[in-house]
Structures are given as structure tokens and as C-alpha cells.
Amino acid sequence: MLKQTESRAPVSQKSHKIDKPVDPNSIGATITIELNEKKIAVPLGTTILEACKANQVRVPTLCHHEDLCIAGVCRVCVVEVEGMKSLQAACAFPITSQIKIKTSTENVRKARRHIIDLLLSEHHGECYTCVRNRNCELRALASEYGVDGFTFGHREKKMHEIDKSSYSVLRDMDKCILCRRCVRTCIDLQEVGVLEAIDRGGKTHIGTFMGKPLSEVICINCGQCINRCPTGALFTNDPSDDIWRAIDDPTKHVVIQTAPSPRAAIGEEFGMPAGTSMTGELNTALRRIGFDKVFDTDFSADLTIMEEGTELLLRLKAALVDKDPNVKLPQFTSCSPGWVKFIEHFYPESLDYLSTAKSPQQMFGALMKTYYAQEYNLDPKDIVTVAVMPCSAKKFECNRPEMVDSGYKDVDYGLTTRELAKMIKEAGIFLPEMPKSEFNDPFGEASGAGLIFGATGGVMEAALRTAYELITGREVPFENLRIEACRGFEGIKQASVKLEGCVPAWSFLEGVDLKFVVAHGTANARTVMELFKQGELNDVHFVEIMGCPGGCIGGGGQPIPTSPEIRKKRAEAIYAEDESMTIRKSHENPHVKLIYEKFLTDGPCGHKSHELLHTKYVKRGSFIV
Amino acid sequence: MDLGIEKSARKGLVLFTQYEAGSAIKKAIAGGREDVLFELRESRLKGRGGAGFPTSTKWMITAAATAEKKYIVCNADEGEPGTFKDRVLLMEYPEAVFDGMVIAGYTIGAQYGIVYLRGEYEYMFAMLKEYLEGMRAKNLLGQNILGKEGFNFDIEIRLGSGAYVCGEETALIESLEGQRGEPRNRPPYPVNTGYMGFPTVVNNVETLAAVPHILLKTGEWFRKHGTDKSTGSKLFSVSGDCERPGVYELPWGISVRELLDVVGARDTKAVQVGGASGVCIPKSQFMRKLSYEDAGTGGSVMVFNETRSMLNVMHNFMDFFVEESCGQCTPCRIGNERLLEGVHKLISGDFTFAYIRNLKELGATMQVASKCGLGQSSPNAFLSILENFSDEIYQSNGSGVTHA
Ligand SMILES: Cc1cc2nc3c(=O)[nH]c(=O)nc-3n(C[C@H](O)[C@H](O)[C@H](O)COP(=O)(O)O)c2cc1C
Ligand code: SF4
Ligand code: SF4
Ligand code: SF4
Ligand code: FES
């Protein structure tokens, strides 16, 4: 198994966690403490916060986030520990002795209230004009603690310009409460390192390299910082006004593609539990909003498998048959725009290893303004293409200057799950009430393989289902096509499939152990790239990397909050939907077959595909663009 | 080595006495670790950096830890306003400080010592390095020190980055590791997880300088000076309105008034004990004793005479904390700003007593909820001045002119 390398994050931003005992039954592994006068036993090293959670004691938090290392900076979680002079931050206190904890004494309540009052005294912004007014953690705390006035004043004037430079992520530092979740997300979870606390004392603020706007630094647009910001300080660049305008314009033909991850998550914006799939309801809602056609991104995911899979087979052939020494293996996937920008910044020398296939979103756009326009007799200049994505980086991707192969901007707008939910509400629709309906043709039918793109390992699984069958003429040898080695949330997964009984065309692959690696989140991507540079991946053929933790289901445009548990539920929804599909393999998608017959007539990776469905990458710097 | 400074001018009980370089190291090696720890425990020496943690306990925990490496860090950041006693020790008594480090290294099993030298003390850097060279030449540093097989220890000097908070031991360690100087969460404490994740003893210059004397003259002797809970002597850096400001070595337990007499202070209105993070004592409390159990101080004593405005004093201290908070935690970062705002309102007279009561409560929260000692002690000056000089403070009421 591949070893994880040490995280690059500075120690101050890493957890000082005491490793929990491996065997909870060994002597000294559990410790008895008193929590609000009740005796409980907890594993050694459990934080006070974890102990409280496990015992139905609620402790408020702001800087703490399940996905992140511990900061202990907001201090709103303070509790009393008997014998200690000062209050202790529950989130940051590992239990190693038999302490007595009180979580709701007068001192504790007063301190928490003071801290909330202090944060409000520096917070400029009115809740009703804030994107996060429904789920702002500061607002929630203020209401829980009965804040009915500004004890220490309130900032009336704006102090900072909103940084609107990025296509993806906007920053309004007037709403920042300096919890530093974004800093820890960027450096520790994602290992990018765009955001940093700058200056000291009252001047402390979150800033970028030399104070540059976000569009000019190494931000990969993953939006993970947005999903973990407790307030409205970070948000996406919302194109919904432009989309409404297009919908209202009778001369425009507005089409929308929906990716699988938003469908598995958007219900959360309407109070549904995580993991409720809303595909059919969403189709109806989108038509009611006024979109002319509703398409399924899974279709172009199937297409991506055909293109990317063929590209891999061609590389394998070049390596094994033609013995071409310059062949670039392993091939890395290219469908996650956050990951693509990451490799462009940090490993520009390895860009040739990246598949040239565009992401499903962009393939879709290119076909919409060519094939679709042609088939339906539409002028491509009147077509407006919208993509509903779990992702904030998709906004940047569709604005990349090279993404105009159709002669127009291939995808006009990238819309996140959250933004779409807002549009649906604005249209007076309560999504869970909608009757179900189908996607429109000709891009309405997709395979389960295209669907599982949404979870980490999904692209690999989809590719294997197709490649294995093309090569051997048989289905992948797994029950119900479930390739478990690709599934689950382990940071880096590695496995292989032996190719035996190959059909004549691929006989050179006979006996080859097809090795693959799957990673999600750019921190893991960095580990993979370091291993790759050390030559540790020399015998690997295919590497799937998704920029966000959990893959697309954990994307930066998904409903807030996020947690490992929520991401797991969303993934389960996607895998369940896959099993309910009649077509489970990309190459069996009849519309994909049709498009290769009618339009991309020189086949996958042929001339026309190359023109429309493949792209090139940019070498970028490791401090600024 | 002769640093060209006249030592004879200084008089004292422990630190300002003669000490022959290397002699205590010899005794430590001859007697063994247990003896060093025994004498230290007997002496009841407490940390001189401000927090007053028993030094023997700190060393014992680190000595007991099993780790590939251990470190001893000498905290020479000396950032507390009004403190300049570590400078005197390093300039005039380096033999005691560095021998203390070597003995610490021997006792806890550390191979490396680091001196974190305040940025402003850069001018000492070359001298101190030269002194360490001399120690190496005499085999007081290096391999098999003084013939003790396997006892290898060396000292390195690093320059601080100039922030007050970097004197806080965990922020200091962050700074040594090349990060922003911000205090860490505790537990774990540096004695378990310190510099580079290894067990680390952080001690003040003065604490370390006391060690060789204790070893040579025994803990019992040391304990005879001072009070029961505050043993030994203390260096006081006295500044402000007095005839003879400077560094004095006096036994713990001396009263504020006695100290004022020693330094020739007249018409004294207030004494700030413990620097910006300390408390402000009015005339009526001058019989209070300088000691851990009463008026504690890392050394700083500031004298204010009758001409001084206490509002101004308060103002200066709050300005200091608003600047020097590391900005990490809410109570300290924003709390100090609100207190400073309160000072402004007190000056302009634009306040209500309910508002002042809120600020006092806020101060109490900052004392218990801040992440590190800086925030926890930052409201001390504000609160004690408000408490002890309320007549004067409220008199300025609205005039905008502060009462003298
Ligand atoms: C804000 C702040 C600043 C401090 N500055 C110093 C300093 O300059 N020198 C020092 O020795 N200790 C300083 N301390 C205390 C150290 O954290 C630590 O307690 C001390 O170095 C331990 O040594 P001791 O046990 O020998 O006193 C400071 C503490 C705080 C909270
Ligand atoms: S979007 Fe991603 S890369 Fe950009 S600042 Fe946020 S976490 Fe960092
Ligand atoms: S931008 Fe958001 S996540 Fe980042 S420090 Fe501010 S409030 Fe916290
Ligand atoms: S109390 Fe002040 S100096 Fe200490 S961690 Fe908090 S903000 Fe930083
Ligand atoms: S949640 Fe514990 S300090 Fe912020």
C-alpha cells in the first residue's frame, strides 16, 4: 500500500491530537471522567468536545470543524475543568486524566456570551442580505445565546472591498470572524496554501500572497474553504441573475445539464436528509423554472469514459507494442478542474501525463453548440448552456479561454447546487413536492457508470467496466459490477485487475496486471504526485484524482454543512441509483453509440473528438498565476 | 571571558555573586542527575519568566520522558515592558546562564540547547557566540563534556522576531520552527511535545542562572532567602519615577515600599508590578509583598509619581496589548480592542457606569477564556487601575483632560 507523506501544514495549524489507543480494551485505554457530575468512560485522548457529543451534551463551536485539524482559537467552546485556573477549549483539550468537567456554569455561559458579543462587535453585515442567512453558524449562536443587542457595539461601516476577482470564489472580509477554518482547509485539508493569517493584534486578517486578489494567486477554485466557512465571508460567484435573464429572453434557447452529485445533495437545501436523490423531481422543477431542455451530464461522462479510456489504451499500446520510450504512463484523469489547476501550478512538468480529454461538463457544452444545434436546427449563438455542478471550480473551467472549441463559449454558466436551490426557491417551487420526470433526448440517457463519477473512485470504476469488457470481451468479474476496490473514502486507494483471455485486437495486453490508483482531495493528490516523482508509480497505468475530499459529492458548490458522514450518505445515494439503472456501462449507452455513428464518425480519440472533446493545459507558477 | 563590564558594582545574594565557570557542571556530573533534581526540589526554585512553575517538576517530567531527542530552550525574549534583567545576566553573568543550560541538558538528557534571544538584543549576539566558543574550547560544551563519557551538549543562539507574544513558550517554539509566533493549544505541554515535537524544557534566563548557585551551595541554602512559597532572590528591573532605576537583586518578600526606598522613589502614586500584564498598586497597598503569593512579577516594577495620569498609564498598556495580541483568539484579539475603546470613552467622559461594568465583566472573561497568558493577563492593568484609582479615573469625566 502507498504510504502517506507527512502533511506540509505548519504545526500551529495541525492538530495536537493524542493518538487514541488502538485496542480500546487494553489497560489504561479508557479513562473515567465526570461530565456535569455524571461519571462516564472515554478512550484516552478523546477531546472534551467528543466526550460531550457522545453524551448528549451540546457545546457550541465556531472554529472547530470535523474535517479539519484543531485550532482552538474562537474560544466559544470553553468549559470548566475542575482545578484549572482558566476555562478550557473543549475542542482542543485531549483527556488524559480523570478530570471533572462542567459545561454550563455561570462563568462558562458568560464567557460564551461575551465571545459572541465580541465577534458581533467586529462583524459588518446584515443577515437578510447574506447568502448564508439560513445556515450561518454565527447567527445561530447569537440566537441560541439570546443575543438581543450589541453589548460592545456593532460595525456600521464596510471596511473591506469584496474580492470579486475570481470566477469561482468571492471573499467579503467584513463578515470574517477569523476562525481560520479556511486557512486550515486550504493548507491542511487541500495542501494548497492560498490563505493565511496576516498581521497581529487588532489588525489580524486573512489574506493571500502579497495581498493579491484571489484570481492572481494559486487558488485552485475548489471552494472547500467556502463549505467550511461558518459565515458568509466566502461564497461562490453566482451567475443566476444572468441565467434568469437568458430564461426570460425569448430568443434564447436555454439548456441545462445536471451532474449526479447535485442531484444527490440538493434535497438537503430543502430540509431532506443527506443522501436523498432528487433526479426526477429536479427535472420537473427545472422545466417549470423555464429551461428549454434538461440534460444529463452522465451522458457526457459516458463519453468521457470512451475518450479517456481509448486514450489510455492507445498509450498502453504505444508502450507495450510500439515500445515508445516517450509514452506517458500512468495516465491521470482530467475531469476535476480543481485538480487540473493544482497540477498546473505545482507539477507543471508532469502535465503530459494528464489525459487530454475534457471534463464531462465541457464535452457537453461543445456538443451542445455543434451536434445538438445541427440536429435541432438551432443557431448556436442563441443557445445558452448552463451546467449544474457540485463544484465551484467548474465556473473557472467554463471560463478558461481555450474552452471555445465549438466556436462559442462551450458552457456559458457553471451553477452550483446551492445556487440552483436558491433559483428553485425563487421560482416558488418546493423541490421535494415535484412529480418526477425524465431527461430530454438526445442527451437524456446515461449509464450507471456515468452516474458514479460523482464519488471518489467512480471514474476508475466506470473506466474499468468499459475497458475490461472491450479488452476481454467479458464483464468485469465482480458481483453486480461493484468494483469495491474503487469505493470508500480512504485517501489513496490502490488496486489492480488482471487482464486474461483478451480479444485479438488487444492480445498484447494478455496477462497484464492493470494497476490503478485513486485519490481524492488535493492533499492526497500531492502525496500521489510526490510518489510519482520518486518513481513509485512507474508500474501504475491509470490514476484517478478528484480535487475535493470525497470526490464531486463533496464539491465546493454542495450544500453546507459538510462532514464525512454527509458525504458518505451522498455517495450511497449515487451507488444505489447506479444499481437501479438498466444500462450500467458507458459503452452500452445507445446515445453514445449514436453520436459516434452520426457525428464523431472517426471514433473515440479521432480527429473530430480531438477538436471538440480534448484540450490542452497551461503551465502556471507556484505562487501566483 | 571578559565582556568589559564592571561587575563589582552589582551586589546580591545569589545571582550577583561570584561563580567560577564550569564548577557547577563538574559537581553535577560528579553527583549525577538525581542529585541535581534533589537540590532543585529542595530549593523550591520557581520559574522566573512570570508563570512561576516549579523548575524541578518541569525538569523531572522531561527527564522521565523517553524520546530520541530532547531540547532545553533558554527564553531570552525579555519582551515584558520594563524588564531588562535578562540582558544584564547575559552580558555580565553568561557563565551562570550557560552553565545552567548545560546542567539542564545533563539532567534531562538533552543534546541541544537553544537560546531564543530577543531581536533587539542582536548587539549581544557576537559576544555570546564568542563566549560559547570559549566554552567549547574548555570542553564545557561539545562531546564528552568534562570527560563525562556520552555527555554531549551544545548551545545555539537564535534571534527572535520581535513580537512580545514570542516570549510565551509555545509561541516561542512555533517561532523557532519557522512559523508565525502563535501560542499552541495545551495540553500537550512542551515538556512532552515541544520543539520539533520533542520534549522540551523552556526556562527563563534568570531561572537557569540560579541553577549553578543552587547546586554549589545547596537547595537548603537557597531556600533560606525569600519567603516560604517564594524562595531565593529575584532580580527586579525598576524603571520610572525614581532616582536610581536599574536591576536589583533582592530577596523575595520585600515590600513595595521597601523597594521604593532602595531605588529612591519619592511622591510615588502607583507602582505597576509585573509589567504590562501585571497589576497597578496604589499607595494604600505599598505594604504588599513582592512574591508569587502576593504581588508577583517576572521582574518588572514601574514607578509612577503624583504627576502621572493613571488614565494615560491605562491607555498605554491597552495600546500595547491591542498591538501585541497575536490575533489568534477572540477574547484577546477583540477584547483588548473593546477595552481600549473603553479607555477612550473614559477619557472623553462619554460613558455610562453600566457600560464600564460590562467592560469589567469582559475583562474577567478575557482572564479565563483567552488561549494564552497574554490574553489572560492583558486586562489586569485596566481592571486594577479602574479598581484602585477610580476617583481619579472618573474625575476626568468629560473634560477630555486627564487629571494629574
Ligand atoms: C505573553 C507572554 C510573554 C512572555 N514572555 C516571556 C519572556 O520574555 N521571557 C520569559 O522568560 N518568559 C516569558 N513568558 C513566560 C513563558 O511562557 C514561560 O512560562 C517561561 O519562559 C518559562 O520559564 P520559567 O519556568 O523559567 O519561568 C511569557 C509568557 C507570556 C504569556
Ligand atoms: S478555493 Fe480551494 S484553493 Fe482556493 S482558497 Fe479555497 S480552499 Fe484554497
Ligand atoms: S473567511 Fe470564513 S472560514 Fe475564513 S477565517 Fe473568516 S470566517 Fe473563518
Ligand atoms: S490570548 Fe492573545 S496572544 Fe494569546 S493566543 Fe489569544 S490572541 Fe494570541
Ligand atoms: S470551537 Fe473550540 S476554540 Fe473554537
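Letters A, B, ... mirror the listed sequences (proteins, then strands); counts begin at 1. Scope of the values below: all heavy atoms of this structure, side chains included, with no hydrogens, waters or symmetry mates.
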Taking it one step at a time, do V76(A) and T330(B) satisfy side-chain contact (heavy atoms from CB on, under 4.5 Å)? CA-CA 9 Å; V76(A) 81; T330(B) 316; over 6 Å; no
Please round to the nearest 0.5 Å and tell me the distance separating atom [atom1] of [X] and atom [atom2] of [Y].
X       : Y       : atom1 : atom2 : result
R180(B) : D199(A) : CZ    : CG    : 7.5 Å
S86(A)  : M366(B) : OG    : CE    : 14.0 Å
S370(B) : I115(A) : OG    : CD1   : 8.0 Å
R333(B) : L119(A) : CZ    : CG    : 6.5 Å

Does R75(A) use its side chain to pair, donor to acceptor, with the backbone of A369(B) at less than 3.5 Å?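 Between the backbone of A369(B) and the side chain of R75(A) there is a qualifying donor-acceptor contact (under 3.5 Å).
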Checking the side chain of N185(B) only, and the main-chain atoms of F93(A) only, is there a donor and an acceptor separated by less than 3.5 Å?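 Between the backbone of F93(A) and the side chain of N185(B) there is no qualifying donor-acceptor contact (under 3.5 Å).
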Got more than 12 heavy atoms from elsewhere within 6.0 Å of [atom1], [X]?
X       : atom1 : value
E387(B) : CD    : no
E156(B) : CD    : yes
K100(A) : NZ    : no
E122(B) : CD    : no

I334(B) versus S121(A): any side-chain heavy-atom pair under 4.5 Å?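 Of all side-chain heavy-atom pairs linking S121(A) with I334(B), at least one is under 4.5 Å.
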Tell me which of these, D117(A), V108(A), V78(A), T204(A), has more heavy-atom pairs under 4.5 Å with chain B than the rest.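 That would be T204(A).
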Between N192(B), V322(B), T170(B), which residue shows the highest count of heavy-atom pairs closer than 4.5 Å to chain A?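 Among N192(B), V322(B), T170(B), the one with the most close pairs to chain A is V322(B).
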Starting from the C-alpha separation in whole Å, work towards a yes-or-no answer on side-chain contact (heavy atoms from CB on, under 4.5 Å) for R180(A) and Q328(B). CA-CA 9 Å; R180(A) 306 202 189 178; Q328(B) 175 177 197; 3.8 Å; yes
Counting only heavy atoms closer than 4.5 Å, note whether [X] contacts chain B via side chain, backbone, both or neither.
X       : result
I198(A) : backbone
Q88(A)  : side chain
L62(A)  : neither
N107(A) : neither
A111(A) : both
K110(A) : both

Any salt bridge between R200(A) and E324(B), counting N to O under 4.0 Å?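 Looking at E324(B) together with R200(A), the answer is yes, because their closest N to O distance falls below 4.0 Å.
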Can a salt bridge be assigned to the pair R338(B) and E122(A) using a cut-off of 4.0 Å between side-chain N and carboxylate O?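 A salt bridge links R338(B) with E122(A).
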Of the backbone (N, CA, C, O) and the side chain (C-beta and beyond), which part of [X] lies under 4.5 Å from a heavy atom of chain A, both, or neither?
X       : value
Q376(B) : side chain
Y164(B) : backbone
A163(B) : both

For chain B, which residues of residues 148-157 of chain A have at least one non-hydrogen atom nearer than 4.5 Å to it?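 T151(A), F152(A), listed by number.
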Residues in residues 356-363 of chain B that sit under 4.5 Å from chain A, counting heavy atoms only: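 The stretch touches chain A at N358(B), L359(B), E361(B), L362(B).
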